[in-house]
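Data block below; observations after.
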2 protein chains.
Amino acid sequence: MTGTGTGPPKRDTYRHGDLRRALVEAGTDLARGGGPDAVVLREATRRAGVAPSAAYRHFADRRALLGAVCSAAQAALAVAMEGELAKVPNRGDPATRARARLRAVGTGYLRFAWAEPGLFRAAFSASEDLRDAASPARAGEGGLTPFQILAAALDGLVEAGVLPRERRPGAEFLAWSAAHGLAMLLIDGPLRGLDPVQARDVGRRLLDMVEQGL
Amino acid sequence: MTGTGTGPPKRDTYRHGDLRRALVEAGTDLARGGGPDAVVLREATRRAGVAPSAAYRHFADRRALLGAVCSAAQAALAVAMEGELAKVPNRGDPATRARARLRAVGTGYLRFAWAEPGLFRAAFSASEDLRDAASPARAGEGGLTPFQILAAALDGLVEAGVLPRERRPGAEFLAWSAAHGLAMLLIDGPLRGLDPVQARDVGRRLLDMVEQGL
DNA sequence: TCACGGTTGTGAACGCTGTACACAACCTCA
DNA sequence: TGAGGTTGTGTACAGCGTTCACAACCGTGA
């Protein structure tokens with residue numbers, strides 16, 4: 001975290017040490033405050049105590065830096081989802097447990113979007129397709145990306161006999177769509193400014209809808 | 001459309017005539033091609049054949065121009081939804097007709113996002129809360145904004161006895177979330193690059209989920 | 001008819017951004 | 001000790017949003 005604090009960005013060595021990491025961390029802080037547009041290459045180098053062009057030794061261009069920040073944000077999202085999942089008790093009958101786990105996944109997703117709107121928007125800013133969704137750089141502590149965590153929860157639903165096997169394929173897209181859409185509307189769209197109680201309420205109803213409609 | 005075509009941006013009068021409209025149209029074209037980030041004030045003035053600073057006679061800053069483009073994009077979205085709604089036959093029993101109308105609303109939404117991704121993203125770029133969602137500038141030919149069109153379809157569902165009255169409040173947020181989320185994932189997110197057939201398929205399943213889960 | 005005042009477009013300027021390139025400091029390894 | 005690759009520096013350029021003094025224009029009342 002060289003140069004992240006106050007004071008002049010002093011460095012004892014000419015080499016920085018781990019500039020790449022420092023830039024990603026600075027970029028992540030910027031994203032936290034203002035979303036993907038706030039990830040400004042020059043500001044990141046300033047915070048790392050380094051000349052603007054130094055960034056080009058580690059990233060092809062601004063988009064590449066944003067891509068790294070995006071991966072970091074997805075990893076943070078995965079951690080949030082894992083955290084909510086860990087709260088689900090391991091006892092009870094398998095069916096209700098599997099349902100609770102899917103709800104936890106959704107709750108973690110929505111909670112993260114609500115708590116860290118800038119990071120959440122950054123997590124979906126850089127271009128990615130389904131291949132990138134499995135990249136380890138986007139995984140949480142359990143080694144799974146947000147997408148994979150959701151898929152696992154749905155698999156659990158099938159194993160517990162709650163979700164018919166023939167409806168399993170593609171189900172992650174449906175569940176993800178619902179949660180993602182609500183998250184966007186809550187932080188960016190016409191639902192911004194809902195108070196936390198209303199937000200939690202509509203979140204619950206949305207998860208009800210998914211559970212019943214899958 | 002002064003200066004929109006090729007050739008030097010000549011003007012016979014000193015006054016432009018309708019610079020505000022010309023700037024919004026140029027901005028909308030830019031958004032169509034590259035989303036909200038592509039709405040570059042200087043480029044819009046260039047296309048209108050006017051000096052950059054002239055824009056500030058009609059818009060406080062770039063965000064204000066983007067806001068106008070956003071309203072235009074929402075109006076276009078409303079027109080697309082109305083178009084799909086107009087295809088629903090007026091005969092048949094009220095319940096299935098009401099259901100068909102809700103599906104048409106969703107289909108129109110998804111179709112527009114798929115056909116005009118840049119415009120769609122622009123439509124939700126500028127800050128707006130629920131009050132703005134009723135602004136006439138964002139309405140289609142029927143005078144309703146996208147949000148109001150959806151609300152009307154849900155009201156129809158209640159009148160036809162398909163949706164219990166007590167579940168009506170807030171239902172627009174659930175339906176909108178699902179459609180909006182899928183749209184985002186399809187044009188910007190991990191589902192980008194799905195071929196049209198798969199996209200149509202997942203769209204249908206999503207609307208099934210909404211219909212069953214509301 | 002004409003001067004006046006408000007509206008609208010011009011031109012030059014400022015600071016910011018992303019990016020390129022030659023150069024210098026540094027580390028590693030022979 | 002010296003060669004060569006890696007990493008950070010300094011300077012430069014074009015493009016962006018924005019400001020401001022000025023000029024062209026138009027409608028109005030004397």
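Residue B:R46 has no polar side-chain atom (N or O) positioned under 4.0 Å from OP1 or OP2 of D:dG15. Considering only side-chain N and O atoms, B:R57 lies nowhere under 4.0 angstrom from the phosphate OP1 or OP2 of C:dG9.
Side-chain atoms of A:L186 and A:W114, non-hydrogen and from C-beta on, do get closer than 4.5 Å to each other.
Taking for each of A:H58 and B:V40 the nucleotide of DNA chain D with the nearest heavy atom, the 5'-most of the two is the partner of A:H58. When each of B:A51 and A:D61 is assigned the nucleotide of DNA chain C bearing its nearest heavy atom, the one mapping closer to the 5' terminus is B:A51. Ranked by how close their nearest DNA chain D nucleotide is to the 5' end, B:S53 and A:R42 are led by A:R42.
Computed from coordinates, the B:E43 CD to D:dC16 P distance equals 7 Å when rounded to whole Å. If you measure from atom CG of B:D37 to atom P of D:dG17, you get 11 Å, rounded to the nearest angstrom. Rounded to whole angstrom, the span from the CG atom of B:L19 across to the P atom of D:dA24 amounts to 19 Å. Per the geometry, CG belonging to B:L23 stands 12 Å off C1' belonging to C:dG9, to the nearest Å. Going from atom CG of B:L66 over to atom C1' of D:dG17 covers 13 Å, rounded to whole Å.
Looking at B:E43, its side chain never comes within 3.5 Å of a backbone N or O of B:L30 through a donor-acceptor pair.
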